[in-house]
Amino acid sequence: GCINHALLTVDSIRSRGLDLIGWVANSVSPNMDKSEDNLRALKQRINAPLLGHIPYLTTASYVDAASYL
């Protein structure tokens, strides 16, 4: 689901004539299966720079999340 959702979002952005200047990956679970495989697949398919990867954080904090960008 995450790869499909990300690629549909990229397609939606570009179909509107907008430029995708970058993207951010995040992990929503500490034990996400195939996390590295998913990230690798997205890097291969999204023609824009990966700006950061926010790992699973036990507490929601924009300050903590921003440190990964």
Side-chain angles (χ1 to χ4, degrees):
C2 71
I3 293 172
N4 185 51
H5 186 264
L7 296 178
L8 286 171
T9 301
V10 169
D11 186 55
S12 180
I13 291 167
R14 293 196 169 133
S15 72
R16 287 169 171 74
L18 302 172
D19 293 325
L20 178 64
I21 60 170
W23 58 284
V24 175
N26 68 302
S27 297
V28 297
S29 169
N31 301 315
M32 188 173 154
D33 288 339
K34 304 196 185 255
S35 178
E36 291 302 316
D37 292 338
N38 290 344
L39 188 56
R40 188 173 27 261
L42 290 170
K43 286 179 184 179
Q44 291 172 350
R45 290 170 173 84
I46 298 176
N47 188 19
L50 172 62
L51 303 175
H53 178 202
I54 302 171
Y56 174 79
L57 301 173
T58 55
T59 57
S61 164
Y62 69 89
V63 173
D64 291 341
S67 70
Y68 294 95
L69 303 178

Once you round to the nearest 0.5 Å, how far does CG of Leu69 lie from OG of Ser67?
-> 8.0 Å

Distance, nearest 0.5 Å, that separates CZ of Arg14 from OG1 of Thr9 = 11.5 Å

Considering all heavy atoms of both residues, which atom of Ile3 and which atom of Leu42 are nearest to each other, and what is their separation?
-> CA-CD2, 4.0 Å

Count the heavy atoms of every other residue, nucleotide or ligand shown that sit under 6.0 Å from CD1 of Ile21, and state whether that count exceeds 12.
-> no

Indicate if Leu57 and Leu51 have the same hydrophobic cluster label, given that clusters are the connected sets of ILVMFWY residues with side-chain heavy-atom separations under 4.5 angstrom.
-> yes

What's the verdict on side chain to side chain contact (heavy atoms under 4.5 Å, CB included) for Asn38 and Asp33, showing C-alpha distance, side-chain angles and the deciding distance?
-> CA-CA 9 Å; Asn38 290 344; Asp33 288 339; over 6 Å; no

Residues two or more places apart in sequence or in another chain: which of them pass salt bridge (Lys or Arg N to Asp or Glu O under 4.0 Å) with Arg45?
-> none

Within a strict 4.5 Å, meaning less than it, do heavy atoms of the Trp23 and Val10 side chains meet?
-> no

Of all heavy-atom pairs linking Ser15 and Ser12, the shortest is OG-O, 3.1 Å

Nearest-0.5 Å distance, NZ of residue Lys34 to CZ of residue Arg40 = 10.5 Å

Connected via hydrophobic side-chain network under 4.5 Å: Tyr56 and Tyr68 | no

Where is the tightest heavy-atom contact between His53 and Leu39, given as atom of each residue plus distance?
-> ND1-CD2, 3.8 Å

Heavy-atom closest pair, residues Ala48 and Leu20 | CB-O, 3.6 Å

Asn47, CG atom: more than 12 neighbouring heavy atoms under 6.0 Å = no

